[in-house]
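Data first, discussion second: the structure below is written as structure tokens.
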2 protein chains.
Amino acid sequence: MSEECCPELPDCCDMRGLLSFQILWLVSKKSMNGQEISNELGKRRGTKPTPGTIYPALKDLRIKGSVNMERKGRTTTYTLTDNGREGLEIACKYFCNAFGEIFQEYGGLTTEK
Amino acid sequence: MSEECCPELPDCCDMRGLLSFQILWLVSKKSMNGQEISNELGKRRGTKPTPGTIYPALKDLRIKGSVNMERKGRTTTYTLTDNGREGLEIACKYFCNAFGEIFQEYGGLTTEK
DNA sequence: AGTTTAGTATTGGATATCCGATATATTTAT
DNA sequence: ATAAATATATCGGATATCCAATACTAAACT
């Protein structure tokens, strides 16, 4: 088996969305560059976002003031701003309120394999 | 206080997405008409989707074969198809794999108020 | 020096999700 | 019968999210 599980994409409904939210969540755990963020997203979503997806998203988050960019040589490190951390708190509340029941009812079933 | 909590929308990131997934989840619990589905979404998201949001989404799900429509008088009742139920299972797996950690780390904190 | 690789970035095109506005049909109320 | 309310539906416009393709820069390699 591979190192991480490989979630299949359903054909019943669209699973896009919440990319910027998930980026903020990941960056809140650890400041990372674009490739590292893409890798973390790939682990969770099954497919790594392409450059045309991830870099515009990061640019928007910078414009919103949610993350800082610091370029050093070849890589750009993204760090959560204070503003971003406050917003993320609200976003997590919103997210858990909207989707929490799905985990409570379904989430526990997949861990016991 | 009001009957349901009122999640605030963050300004740090976009919280759109997964509408069709959430509709399938709701309909899997109970066949409903458009207004009932909108009301359930409103409870979870804080704002009810407008007709311009919900009806095109339901139409797409019907075209995909995930739900059936049955019009009776003024209302149209939406029911999950077998195909939709299979897809929803996959979608839940995908969703929990992608976002589960956020609940595990954050979700429990909001229930104790 | 020259080549390759890694990381970043933009462009163009597609789709889903959002709203506000408008419209229609059915039911209920007057 | 008429009016009001309910439920459904479409249209136009905006934005986020997705990909494929292309391009650029800095580092590493030969």
Side-chain angles (χ1 to χ4, degrees), chain A residues 7 9-24 26 31-42 44-64 66-78 87 91 94-95 98-99, chain B residues 9-26 31-42 44-64 66-78 87 91 94-95 98-99:
Chain A
L9 263 172
D11 59 349
C12 61
C13 58
D14 194 282
M15 294 304 284
R16 284 184 295 181
L18 300 177
L19 176 66
S20 57
F21 169 60
Q22 196 171 20
I23 291 173
L24 286 186
L26 292 171
S31 293
M32 286 181 282
N33 65 36
Q35 282 306 310
E36 292 170 326
I37 295 168
S38 287
N39 289 336
E40 292 302 318
L41 289 168
R44 288 157 178 82
R45 295 178 174 224
T47 49
K48 272 181 61 173
T50 60
T53 298
I54 190 71
Y55 291 110
L58 288 167
K59 188 181 180 186
D60 288 350
L61 287 172
R62 191 192 116 272
I63 291 170
K64 278 207 180 80
S66 302
V67 298
N68 276 330
M69 292 170 56
E70 193 179 2
R71 178 140 201 178
K72 187 162 289 184
R74 190 163 47 177
T75 71
T76 304
T77 301
Y78 296 87
Y94 180 92
F95 180 69
F99 295 104
Chain B
L9 264 172
D11 59 351
C12 61
C13 58
D14 194 283
M15 295 304 285
R16 285 185 294 182
L18 300 177
L19 177 65
S20 57
F21 169 60
Q22 197 171 20
I23 290 173
L24 286 187
W25 170 267
L26 292 171
S31 292
M32 287 181 280
N33 63 38
Q35 282 306 310
E36 292 171 327
I37 295 169
S38 287
N39 288 335
E40 292 302 318
L41 289 168
R44 289 159 178 80
R45 296 179 173 225
T47 49
K48 272 180 60 173
T50 61
T53 297
I54 190 72
Y55 291 109
L58 288 168
K59 187 182 181 185
D60 288 350
L61 287 172
R62 190 192 116 274
I63 291 170
K64 277 208 181 80
S66 303
V67 298
N68 276 330
M69 293 170 57
E70 193 179 2
R71 179 140 201 179
K72 190 163 284 184
R74 189 164 47 179
T75 71
T76 304
T77 300
Y78 296 87
Y94 180 90
F95 179 69
F99 295 103

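Residue numbering restarts at 1 for every chain, and letters A, B, ... go by the order of the sequence lines. These numbers come from the heavy atoms of this one structure, side chains and all, not from hydrogens, waters or symmetry mates. Values in this document were obtained by computation on a predicted structure and should not be read as measured data.
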Say whether, by atom type as modelled, one donor and one acceptor occur between the side chain of B:Gln22 and the main chain of A:Ala98 under 3.5 angstrom.
-> yes
May I have the distance from B:Ile37 (atom CD1) to D:dA9 (atom P), rounded to whole angstrom?
-> 11 Å
Spacing between B:Glu36 atom CD and D:dA7 atom P, to the nearest angstrom | 8 Å
Which of the following nucleotides, C:dC19, D:dC18, C:dT10, is nearest to the side chain of A:Lys59?
-> C:dT10
In terms of side-chain heavy atoms of B:Leu19, which of D:dT10, C:dC18, C:dC19 is nearest?
-> C:dC18
Taking B:Glu40 for the side chain and B:Ile37 for the main chain, is one N or O donor matched with an acceptor at less than 3.5 Å?
-> no
Can you tell me the distance, in whole Å, between the CG atom of A:Asn39 and the P atom of C:dT8?
-> 10 Å
Select from A:Lys48 and A:Lys72 the residue whose nearest nucleotide in DNA chain D is closer to the 5' end of that strand.
-> A:Lys48
For the side chain of A:Ser66 and the backbone of B:Cys12, is there at least one donor-acceptor N/O pair under 3.5 Å apart?
-> yes
Please lay out, stage by stage, how B:Leu26 and B:Arg44 fare under the test side chain to side chain contact (heavy atoms under 4.5 Å, CB included).
-> CA-CA 11 Å; B:Leu26 292 171; B:Arg44 289 159 178 80; 3.5 Å; yes
Kindly say if B:Arg74 contacts the phosphate of C:dT28, meaning a side-chain N or O under 4.0 Å from OP1 or OP2.
-> no
Return no unless some side-chain N or O of B:Thr75 is found under 4.0 Å from OP1 or OP2 of D:dT6.
-> no
So what does B:Thr53 touch, heavy atoms closer than 4.0 Å: a base, only the sugar-phosphate, or nothing?
-> base
Please check the phosphate of D:dT25 (OP1 and OP2 only) for any side-chain N or O of A:Arg71 closer than 4.0 Å.
-> no
Less than 6.0 Å separating the ring centroids of B:Phe95 and A:Phe99?
-> yes
Residue A:Gln35, side-chain heavy atoms: nucleotide from C:dC19, D:dA9, C:dT8 that is nearest | C:dT8
Quick one: which of C:dT5, C:dT26, C:dC19 gets closest to the side chain of B:Thr50?
-> C:dC19
What's the closest nucleotide to the A:Tyr78 side chain, out of D:dT8, C:dA6, C:dA9?
-> C:dA9
Looking at the side chain of B:Pro51, which of C:dA21, C:dT26, C:dT8 is the nearest nucleotide?
-> C:dA21
Could you check whether A:Pro56 gets within reach of a base, just the sugar-phosphate, or nothing at all, counting any heavy atom under 4.0 Å?
-> base
Could you tell me whether A:Gly52 contacts a base, only the sugar-phosphate backbone, or nothing, with contacts defined as non-hydrogen atoms closer than 4.0 Å?
-> base
Candidates D:dT17, D:dT15, C:dG7 - which lies nearest the side chain of B:Arg16 = D:dT15
Side-chain N or O of A:Lys64 less than 4.0 angstrom from OP1 or OP2 on D:dA16?
-> yes
Within the structure, does a side-chain N or O atom of A:Ser20 lie under 4.0 Å from either OP1 or OP2 of D:dT17?
-> yes
